[in-house]
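Note sheet for the following structure.
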Amino acid sequence: MHAPGNAHLMTRAILHVDMDAFYASIEQRDHPELKGKPVIVGGTGGRGVVAAANYEVRKFGVHSAMPVREAVRLCPQVICVRPRIGYYREVSNEIFKVFHEFTPLVEGLSLDEAFLDVTHSQSALGPAEQIAQAIKQRIHTRTQLTASVGVAPNKLIAKIASDLRKPDGLVVVRLEDVTSVLDPLPVTRLLGVGNKTAPKLHALGIHTFGDLRQANQQLLKTVFGKHTGQIQARASGVDDRAVIPDWDEKQISSEETFDTDIADRKRLHVELTALADRTATRLRVKQLQAACVIVKIRRGDFTTYTRQQQIQPPTQETRVIGEVAARLLNEWLEEQPQVALRLLGVGVSELTQAQQLELFTAPQSQRNRELDATVDRIREKYGTLAVTRGDALDRSEPSNPSLRRR
């Protein structure tokens, strides 16, 4: 692990930029009276959920996705602020403009998080750590907000590095330092090791990346089965995923990699419904409509399939996109009974500008659009967690979005 300023260039240089407590930091910036106080952003009703928690409140055990009532129980003096999602999106746009001033290879994960490939930017702008420092400074100058950045040879390590010195951190991990940096870290930081898996590893005496990397494969197969080799490779810092830019989108998509492979059809369709909802919402935000729906399917052995279907007229309706995606998934599952999936994705392509609601639109389509507009307004005002469509309510084990969602 190197401090910023090392002059030699990385062969492959990936940045993971993560804004520090993004929503809460914006509220503290705009309301100085909140400085130094425990703040959460989220719904204030009886079923409200924490969308963001600042660092002052995290020491009480409060975190995002927690019910607000639980946050209040843990920290009675907490200040709850209603979210301003539209405004946060505007600030996010300014931050992403900064990213694109340094590289066209930007993969946004959320409003406050992105991967950047600056490998080829180094010849003109200097070493990757110098670029990272410049990005941090430019973000702060324009928004008065701080970001934590990890710099590494791949996405997996860059993501881990960005989390090591929060807030306002900058951690550089070079290829020759990967083992020394990763080995001491707890296995719970590794993608694929969740709340159910960690206790099983601990029972085997495996607590760190180093323990996992060097463990007997036969022993690990009792926990990970056929995925043992892949998990051990991750513990060694192996990751060949490319940064997939989405600045000039020819298609819009959302996907989810599951912590454990899923074979249950009902659960798969619940996940698919949520993905279709996310994709259709992005279409409406961009005021686009699509004439093609695409489903991406990846089995546990990493074999990947895509299925697509043309639709007319073009649409941005969640229900239509979800129904077409469900039909495509069902057709594929009929060909592959009992198969377990590690990833699902729903995308749309053949994009055009959305048209005005026609006077003689079919009644069902009009109801779909009215429902979508209502859901969008609620989420705009209260946050993306404020309302969930009925078909997506059975997501009993929602995956952590970090690294895996697009």
Side-chain angles (χ1 to χ4, degrees), residues 1-6 10 13-32 34-36 39 41 51-56 58 64 81 83-122 124-152 155 157-173 243-248 285 401-403 405-406:
M1 185 153 54
H2 291 254
N6 199 316
M10 284 191 177
I14 308 299
L15 274 56
H16 179 260
V17 184
D18 194 4
M19 299 303 297
D20 298 318
F22 186 50
Y23 297 177
S25 294
I26 291 174
E27 297 299 339
Q28 287 183 295
R29 178 197 69 181
D30 293 353
H31 304 282
L34 298 178
K35 294 281 187 181
V39 174
V41 175
N54 73 352
Y55 290 95
E56 289 87 347
R58 292 184 191 184
S64 61
V81 180
R84 299 181 287 165
I85 300 299
Y87 180 57
Y88 304 151
R89 188 176 291 116
E90 291 176 11
V91 179
S92 173
N93 289 341
E94 289 301 311
I95 292 165
F96 273 73
K97 285 178 184 176
V98 171
F99 298 159
H100 285 278
E101 290 168 8
F102 291 85
T103 176
L105 301 178
V106 178
E107 180 180 338
L109 302 177
S110 62
L111 293 182
D112 60 346
E113 184 183 7
F115 286 113
L116 286 69
D117 188 334
V118 298
T119 304
H120 301 296
S121 302
Q122 295 179 103
L125 302 177
E129 56 266 46
Q130 184 175 312
I131 294 172
Q133 187 62 63
I135 289 172
K136 282 169 57 68
Q137 183 59 52
R138 200 166 294 182
I139 289 173
H140 188 265
T141 298
R142 295 187 188 176
T143 68
Q144 293 76 59
L145 300 173
T146 63
S148 293
V149 183
V151 183
K155 293 165 80 170
I157 303 170
K159 167 66 177 173
I160 293 170
S162 70
D163 203 39
L164 292 180
R165 289 185 187 160
K166 279 183 163 290
D168 200 19
L170 173 55
V171 174
V172 180
V173 182
V243 171
I244 302 172
D246 54 10
W247 183 249
D248 182 21
V285 167
S402 299
L403 275 177
R405 243 180 215 179
R406 282 201 298 112

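The first residue in the sequence is number 1, and the count goes up from there. Just so we're clear, the structure is a prediction, and the values are computed from it rather than from any experiment.
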Any donor-acceptor pair under 3.5 Å linking the side-chain atoms of D20 with those of S25?
no
Answer yes if the side chains of Y87 and E27 hold a donor-acceptor pair under 3.5 Å, and no otherwise.
no
Do you know which two heavy atoms are closest between [X] and [Y], and how far apart they sit?
X	Y	value
D18	H16	CB-CE1, 3.8 Å
A24	A52	N-CB, 4.0 Å
D117	T103	O-OG1, 2.8 Å
A13	Q122	CB-NE2, 3.8 Å
A53	R58	O-NE, 2.9 Å
A161	G150	CB-CA, 3.8 Å

The side chain to side chain contact (heavy atoms under 4.5 Å, CB included) partners of S64 (sequence neighbours excluded) come to none
Sorted by chain and residue number, the side chain to side chain contact (heavy atoms under 4.5 Å, CB included) partners of R142 (sequence neighbours excluded) come out as V98, E101, R138
Run the side-chain contact (heavy atoms from CB on, under 4.5 Å) check on F22 and V91 step by step: do they pass?
CA-CA 10 Å; F22 186 50; V91 179; 4.0 Å; yes
As a quick check of understanding, evaluate side-chain contact (heavy atoms from CB on, under 4.5 Å) for I139 and M19, giving each step before the final call.
CA-CA 10 Å; I139 289 173; M19 299 303 297; 3.7 Å; yes
Could you walk me through whether F102 and L15 pass the side-chain contact (heavy atoms from CB on, under 4.5 Å) check?
CA-CA 11 Å; F102 291 85; L15 274 56; over 6 Å; no
Would you indicate whether the side-chain heavy atoms of [Y] and [X] approach each other to under 4.5 Å?
X	Y	value
T143	R29	yes
E56	V39	no
I135	L116	yes
K136	T146	no
L111	Y23	yes
K159	L109	no

Does L34 form a side-chain contact (heavy atoms from CB on, under 4.5 Å) with V81? I'd like the steps, not just the answer.
CA-CA 10 Å; L34 298 178; V81 180; 4.2 Å; yes
Donor-acceptor pair, side chain of T141 and main chain of Q137, under 3.5 angstrom
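Yes, because the side chain of T141 sits within donor-acceptor range (under 3.5 Å) of the backbone of Q137.
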Is a side-chain donor or acceptor of R165 paired with a backbone partner of S148 at a separation under 3.5 angstrom?
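Answer holds: no.
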From CA spacing to verdict: salt bridge (charged side-chain N to carboxylate O under 4.0 Å, His left out), E90, R84
CA-CA 10 Å; E90 291 176 11; R84 299 181 287 165; over 6 Å; no
Under 6.0 Å from the NE2 atom of H31, do we count more than 12 heavy atoms belonging to anything else shown?
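Yes, because the 6.0 Å sphere around NE2 of H31 holds more than 12 heavy atoms from other groups.
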Would you give the length of the straight line joining atom CZ of F115 to atom OG of S162, rounded to the nearest 0.5 angstrom?
7.5 Å
